[in-house]
Amino acid sequence: MEVYVEVPNASEPLLIELREHTTVGEVKDIVERETQIDRNTFSLKIEGEVRMNESLEVNACGIAFGDSMELVVNEWWPLKGPGIQKTMKTKYRIAKHGDGTPIKKGDTIAIDVTGILAEDGKEIWRTTGNTHKVDVGRSIVGFDKGCLGMLPTEVRCLLIPPMEGYPVGYETLKIPRGKDLIFEIRLHCLIED
């Protein structure tokens, strides 16, 4: 299957040949090689019907595949606000804006979270229907601080470096240590205590 990627400031679209089982990482490799745009600063946005396998389905951070694609250069912004140290390295972007009262330290929220390897876009875990008490030290720092200031119904993506995520030596079964991770957080609501 051939798809065209519309590249900002380019004279013509980039043509990519996709096999049935082309991975997110392979497509990002091609786009990065052909455009010289760093793979951690763009996503591929769907235009049209998705006809690929499940590993290429849409996620809220914008990585998706279909009949045509548009290259979207994404900005990752530093975390800011009450309770967030200026030395924090975790960054965020908003995939879907929310509405309501911002989440603060100690709030309990209902969320879905997907963990993605930043280097190749591979999903490494997913959890739905969980509750999380924000910024009380029960989770990794990048995730805990990254929830601060979210609005109900917001979808936020966090780019978490190893020192604020899972450094080398941290024991966990499913999550690789020493890797940059993307956490896609879908905030359903604030749970009243």
Side-chain angles (χ1 to χ4, degrees), residues 24-25 38-43 54-55 57-64 72-193:
V24 172
D38 180 66
R39 68 185 295 121
N40 294 317
T41 64
F42 70 81
S43 63
E54 286 183 9
S55 66
E57 69 186 26
V58 179
N59 70 48
C61 290
I63 301 169
V72 180
V73 178
N74 297 306
E75 291 289 333
W76 289 99
W77 301 98
L79 295 173
K80 294 180 182 176
I84 297 174
Q85 300 84 357
K86 290 183 180 180
T87 56
M88 291 260 337
K89 301 295 183 203
T90 295
K91 296 182 178 178
Y92 79 100
R93 67 174 169 239
I94 296 175
K96 178 181 173 284
H97 290 277
D99 187 35
T101 305
I103 299 304
K104 63 186 183 312
K105 181 180 177 115
D107 284 345
T108 301
I109 55 177
I111 55 173
D112 299 336
V113 183
T114 302
I116 301 164
L117 275 179
E119 67 186 26
D120 62 6
K122 178 183 175 189
E123 183 179 309
I124 50 176
W125 60 270
R126 178 185 298 249
T127 180
T128 58
N130 280 3
T131 58
H132 176 68
K133 195 165 186 83
V134 177
D135 199 22
V136 293
R138 294 184 185 163
S139 187
I140 60 172
V141 172
F143 173 71
D144 226 8
K145 298 291 187 183
C147 291
L148 291 170
M150 286 185 74
L151 303 177
T153 72
E154 180 179 320
V155 178
R156 178 178 290 193
C157 297
L158 301 174
L159 179 59
I160 304 174
M163 70 281 266
E164 293 171 4
Y166 301 96
V168 173
Y170 184 95
E171 295 305 319
T172 181
L173 296 176
K174 294 184 179 179
I175 301 172
R177 294 166 295 289
K179 302 279 187 183
D180 286 347
L181 301 174
I182 295 173
F183 279 19
E184 173 191 303
I185 306 166
R186 185 175 302 271
L187 172 56
H188 294 292
C189 62
L190 173 67
I191 298 173
E192 301 296 333
D193 291 329

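Heads up: numbering here begins at 1 and tracks the sequence.
Between T101 and P152 the shortest heavy-atom distance is O-CD, 3.5 Å. Minimum heavy-atom separation, C147 to I103: O-CB, 3.8 Å. When all heavy atoms of I84 and M88 are compared, the pair lying nearest together is CG2-CG, 3.9 Å. Of all heavy-atom pairs spanning D144 and R138, the tightest one is OD2-N, 4.0 Å. Pairing each heavy atom of C157 with each of I182, the nearest pair is CB-CG2, 4.3 Å. Contact between I111 and H132 at its shortest, heavy atoms only, is CD1-CB, 3.8 Å.
Once rounded to the nearest 0.5 Å, the distance linking CD1 of I140 with CD of E164 reads 9.0 Å. Atoms NE2 and CG, from H97 and D99 in turn, are 11.5 Å apart once rounded to the nearest 0.5 Å. To the nearest 0.5 angstrom, K96 atom NZ is 7.5 Å from R186 atom CZ. Remark: I116 CD1 to K179 NZ distance equals 15.5 Å, nearest 0.5 Å. Once rounded to the nearest 0.5 Å, the distance linking CZ of R93 with CG of L158 reads 10.5 Å.
With hydrogens and angles disregarded, no donor-acceptor distance shorter than 3.5 Å links the side chain of E123 to the backbone of T114. In this structure, R156 contributes its side chain and G146 its backbone to a donor-acceptor pair below 3.5 Å.
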Take E184 and V155 through the side chain to side chain contact (heavy atoms under 4.5 Å, CB included) test and state the conclusion after the steps.
CA-CA 7 Å; E184 173 191 303; V155 178; 4.2 Å; yes
Applying side chain to side chain contact (heavy atoms under 4.5 Å, CB included) to I185 and M150, what does each step give before you reach the verdict?
CA-CA 10 Å; I185 306 166; M150 286 185 74; 4.0 Å; yes
One pair to check against side chain to side chain contact (heavy atoms under 4.5 Å, CB included): T131 and I191. What are the steps and the verdict?
CA-CA 8 Å; T131 58; I191 298 173; 3.4 Å; yes
Apply side chain to side chain contact (heavy atoms under 4.5 Å, CB included) to residues L190 and E192 and explain how you reach the verdict.
CA-CA 6 Å; L190 173 67; E192 301 296 333; 3.9 Å; yes
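Counting heavy atoms from C-beta outward, L187 and L151 have side chains that stay 4.5 Å or more apart. Between I94 and E154 the shortest side-chain heavy-atom distance falls below 4.5 Å.
No more than 12 heavy atoms of other residues, nucleotides or ligands sit less than 6.0 Å from atom NZ of K91.
Only one option out of I109, T153, D112 pairs with H188 in a side chain to side chain contact (heavy atoms under 4.5 Å, CB included); it is D112.
Relative ring orientation between F183 and Y166 is described as tilted, the plane-to-plane angle lying within the 30° to 60° band.
Applying the salt bridge (Lys or Arg N to Asp or Glu O under 4.0 Å) test to K104 and every residue at least two apart in sequence or in another chain returns D107.
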